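Everything on this sheet refers to the single structure shown next.
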There are 4 protein chains.
Amino acid sequence: METREEAVEPGTWRQYGPSTLPKPLEAALEAFAERGYDGTSIREVAARAGLSVPGLYHHYPSKQALLVSLTTLVMRDLLDRSRQALEEAGPTPSERFDAVVESLLRYHMFRRNQAFVASTEMRSMEPDNRKAYIALRDEQQRMLDEIVRDGVASGEFGTEFPEDASRAVTTMCVAVASWYRPDGPLSPDEVVRRYLAIARCAVGAR
Amino acid sequence: METREEAVEPGTWRQYGPSTLPKPLEAALEAFAERGYDGTSIREVAARAGLSVPGLYHHYPSKQALLVSLTTLVMRDLLDRSRQALEEAGPTPSERFDAVVESLLRYHMFRRNQAFVASTEMRSMEPDNRKAYIALRDEQQRMLDEIVRDGVASGEFGTEFPEDASRAVTTMCVAVASWYRPDGPLSPDEVVRRYLAIARCAVGAR
Amino acid sequence: METREEAVEPGTWRQYGPSTLPKPLEAALEAFAERGYDGTSIREVAARAGLSVPGLYHHYPSKQALLVSLTTLVMRDLLDRSRQALEEAGPTPSERFDAVVESLLRYHMFRRNQAFVASTEMRSMEPDNRKAYIALRDEQQRMLDEIVRDGVASGEFGTEFPEDASRAVTTMCVAVASWYRPDGPLSPDEVVRRYLAIARCAVGAR
Amino acid sequence: METREEAVEPGTWRQYGPSTLPKPLEAALEAFAERGYDGTSIREVAARAGLSVPGLYHHYPSKQALLVSLTTLVMRDLLDRSRQALEEAGPTPSERFDAVVESLLRYHMFRRNQAFVASTEMRSMEPDNRKAYIALRDEQQRMLDEIVRDGVASGEFGTEFPEDASRAVTTMCVAVASWYRPDGPLSPDEVVRRYLAIARCAVGAR
DNA sequence: CATGAATGAGATTTCATTCAT
DNA sequence: GATGAATGAAATCTCATTCAT
């Protein structure tokens with residue numbers, strides 16, 4: 001009876017296998033994460049990708065194109081996962097809030113570098129590319145804003161400043177990418193549990 | 001009865017005049033904030049400082065030295081202000097928490113660029129310089145960690161995860177530097193009021 | 001009674017249909033005319049020819065080969081036309097002079113790009129290829145030189161400096177390629193009329 | 001009683017010492033003349049100028065700048081000489097015609113490479129630079145055009161097509177740069193004598 | 001400190017050409 | 001012949017830094 005175009009297994013948004021980026025993007029990602037866009041030479045990316053420099057140019061016509069392809073894929077992946085989390089969530093703002101926050105948190109742990117580079121290297125994008133990236137990022141932010149507003153309207157959330165709280169929550173989640181380490185003391189599930197508690201509190205849940 | 005080395009007017013930590021950085025550092029700051037360390041040429045810094053290139057080298061022996069001087073001054077300023085806020089605060093963990101958080105928030109609003117560059121360009125520091133910078137930053141973080149722990153011990157804060165909450169709070173405050181604009185809709189006092197509410201809640205105050 | 005190998009319609013040397021160059025050479029011609037040999041990439045030629053790059057290499061083994069094939073065809077065409085013009089001309093040096101000059105003028109108007117590229121890109125030819133090209137060009141020049149000498153000998157031309165006059169005439173005709181435009185104010189016939197007058201005068205005709 | 005700003009020795013326009021171009025331009029000139037603009041690498045120019053590559057960039061900010069500086073100096077020099085020749089010439093169109101043609105001829109013999117590169121590499125100039133160059137070149141052409149028109153008006157020149165004749169004469173003179181060799185069989189004075197004869201005839205002098 | 005000249009190293013990008021399919 | 005991938009060599013240009021004056 002399922003009539004959706006793409007029927008996806010439930011919970012897929014929680015599953016993170018090894019990243020499926022094409023090799024040159026994987027190489028660019030690592031390099032950008034370590035040294036930044038401007039601090040990374042195309043030679044370095046090519047070497048990491050196991051290509052000659054012109055070989056790299058055969059696939060991506062410029063350094064900027066690497067950044068754009070990378071960040072676009074990243075934001076699409078994040079958005080897809082958040083949307084899927086929402087679809088599977090219960091109907092109440094609280095449930096929806098938890099779902100989006102959890103998807104944000106997991107993404108920033110399991111796709112740490114991707115998330116970090118995307119948010120950090122916005123300034124290295126050429127104007128048009130930046131505009132396109134910001135549009136995607138804003139879409140993600142608005143998703144949470146709306147839920148928080150709904151929660152305040154329904155009385156589930158008590159915050160006086162829904163916008164600020166929403167941004168503060170996003171901010172916290174994004175920052176996870178800069179300290180979380182897979183081999184650190186906290187498991188992803190534990191991070192989710194703890195940050196979810198803080199996030200709920202930030203919006204005055206209950 | 002005052003026996004401190006430097007007796008400072010009370011509330012100085014809340015006062016932010018125009019920055020007192022030496023001109024070359026001011027120039028470097030603006031450039032680094034706009035284009036990043038690697039994206040900034042020494043010629044650009046010299047031009048912004050109204051100096052010739054060799055003139056700039058007369059004051060700072062390398063590009064790296066500009067970054068180090070800059071970030072060291074920044075962290076010292078922030079630490080000084082936080083310490084002063086603490087000295088003037090009441091004795092309870094709640095009062096002390098509020099003081100440190102407010103000092104963090106104000107710093108990240110009034111010294112937006114400084115805070116942003118310092119936190120962003122850590123990766124551009126040579127190993128020893130990075131180590132020294134991290135030491136200062138950790139000192140700042142430990143200041144808050146300790147207060148949160150004290151608050152939990154005293155029963156004023158109810159969080160289960162003092163360390164996480166403390167880091168999340170710092171994180172939120174640091175991120176203020178990347179969205180706050182002096183000509184935006186929120187006054188610094190209002191930002192302080194709102195974020196303080198969120199921060200208190202994150203540590204389970206009350 | 002006709003015994004020539006190839007009997008050609010009279011006046012053919014005056015007829016210029018659309019150029020019959022193979023497509024890759026046509027493409028190379030246009031590109032070389034616009035941007036010069038060194039300023040043209042093989043990819044550009046391939047694209048203009050509607051071929052893939054390896055497809056182009058299938059027909060011509062190198063960029064240099066394109067230039068050589070092109071200029072050889074061009075010079076042969078020009079020489080053929082001049083020879084044919086001579087064959088159809090009357091026996092006097094004046095008549096023969098007019099015929100060759102007219103053929104030169106028409107070629108440089110109707111095969112403007114070909115003539116321009118051939119004369120311009122001599123310096124881009126590898127030594128042996130250049131030598132071969134120069135041989136053809138000299139043959140053309142000698143054709144005119146000889147007629148002028150005959151005309152002086154017969155008293156029809158009065159110039160003191162037959163060689164100089166002959167070269168100056170060639171020069172003028174070649175230069176027509178760099179200013180003549182099919183949509184300009186002068187018809188080819190009119191250009192022929194005017195330049196022929198100047199050319200005759202340069203050799204002291206009458 | 002001389003009140004001119006710059007009193008110049010008469011006949012200066014006929015004097016050609018060794019060229020006074022700055023060394024990098026001299027180097028660029030030779031290279032461009034031999035291999036063309038696109039065929040010349042900046043390394044080659046630097047090497048010929050006895051500079052490192054960045055050393056060359058210290059003086060000229062781009063390859064294009066070399067071309068522009070060079071061709072501007074060239075056209076100014078030529079124009080100055082032609083104007084001076086005119087000032088010293090007698091009042092009749094014939095005398096003025098001879099003066100300008102002689103100045104053109106001498107320039108294209110003594111500054112052969114300069115003249116050749118300037119006329120050849122127009123297509124390598126960026127649009128604005130080309131426009132500026134063409135303006136200078138047209139000024140030179142109009143100088144001759146005007147004289148020829150005057151000569152026709154006064155009855156000294158009999159040509160039916162003053163514009164064509166004028167361009168043909170210029171063309172001949174310019175082309176001298178591509179065959180004249182200082183060690184060839186004709187002295188500059190002799191070339192002047194012979195070409196002047198042809199040029200006069202082209203405009204129907206007498 | 002400013003000016004001006006200089007440079008080794010290295011940046012991004014392009015080119016002609018080749019080969020496997 | 002087209003497609004796609006690949007590459008050594010070389011192109012233009014920039015950078016941090018230095019030195020003489």
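Throughout, a chain's letter reflects where its sequence line sits, starting with A, and its residues are numbered from 1. Note that these values count all heavy atoms, side chains included, but never hydrogens, waters or copies made by symmetry. Quantities reported herein were computed from a predicted structural model and do not represent experimental measurements.
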*Figure out the OH/P separation between A:Tyr60 and E:dT13, and round it to whole Å.*
15 Å

_Selection residues 45-72 of chain B - residue pairs positive for salt bridge (Lys or Arg N to Asp or Glu O under 4.0 Å), sequence neighbours left out_ = B:Glu30-B:Arg48, B:Glu34-B:Arg48, B:Glu44-B:Arg48

*Where along residues 28-44 of chain D does a heavy atom come under 4.0 Å from DNA chain E, residue by residue in number order?*
none

*Is there a side-chain contact between A:Val174 and A:Phe116 (heavy atoms, below 4.5 Å)?*
no

_A side-chain contact here means heavy atoms from C-beta on lying under 4.5 Å apart; do A:Gln64 and A:Val68 qualify?_
yes

*Give DNA chain F the dot-bracket treatment, 5' to 3': Watson-Crick (N1-N3 with N6-O4 or O6-N4) or G-U (N1-O2, O6-N3) under 3.5 Å, [ ] crossing, | other strand.*
.||||||||||||||||||||

*Below 4.5 Å, heavy atoms only, C-beta onward: do A:Ile134 and A:Arg130 meet side chain to side chain?*
yes

*Would you say A:Pro22 and A:His59 make side-chain contact, with heavy atoms under 4.5 Å?*
no

_Sub-4.5 Å side-chain heavy-atom contact between A:Leu66 and A:Leu56_ = yes

*Considering only the P atoms, how many Å lie between E:dC1 and F:dT21, rounded to the nearest integer?*
22 Å

*Can you find a heavy atom in the side chain of C:Leu25 that is under 4.5 Å from one in the side chain of C:Gln114?*
no

*Residue pair B:Arg123 / A:Arg35, side-chain heavy-atom distance below 4.5 Å*: no

_Distance check needed: E:dT13 C1' versus A:Lys63 NZ, whole Å only._
12 Å

*asked:* I need the residues from residues 52-59 of chain D with at least one non-hydrogen atom less than 4.0 Å from DNA chain E; give them sorted by number, or say none.
replied: D:Ser52, D:Pro54, D:Gly55, D:His58, D:His59

*Out of F:dA6, F:dA2, E:dT13, which nucleotide sits closest to the side chain of C:Leu51?*
F:dA2

_ring pair (Phe, Tyr, Trp, His ring centres under 6.0 Å) partners of residues 28-49 of chain B, not counting sequence neighbours, each pair once_ = B:Phe32-B:Tyr37

_D:Phe110: partners by ring pair (Phe, Tyr, Trp, His ring centres under 6.0 Å), with sequence neighbours left out_ = D:Tyr16

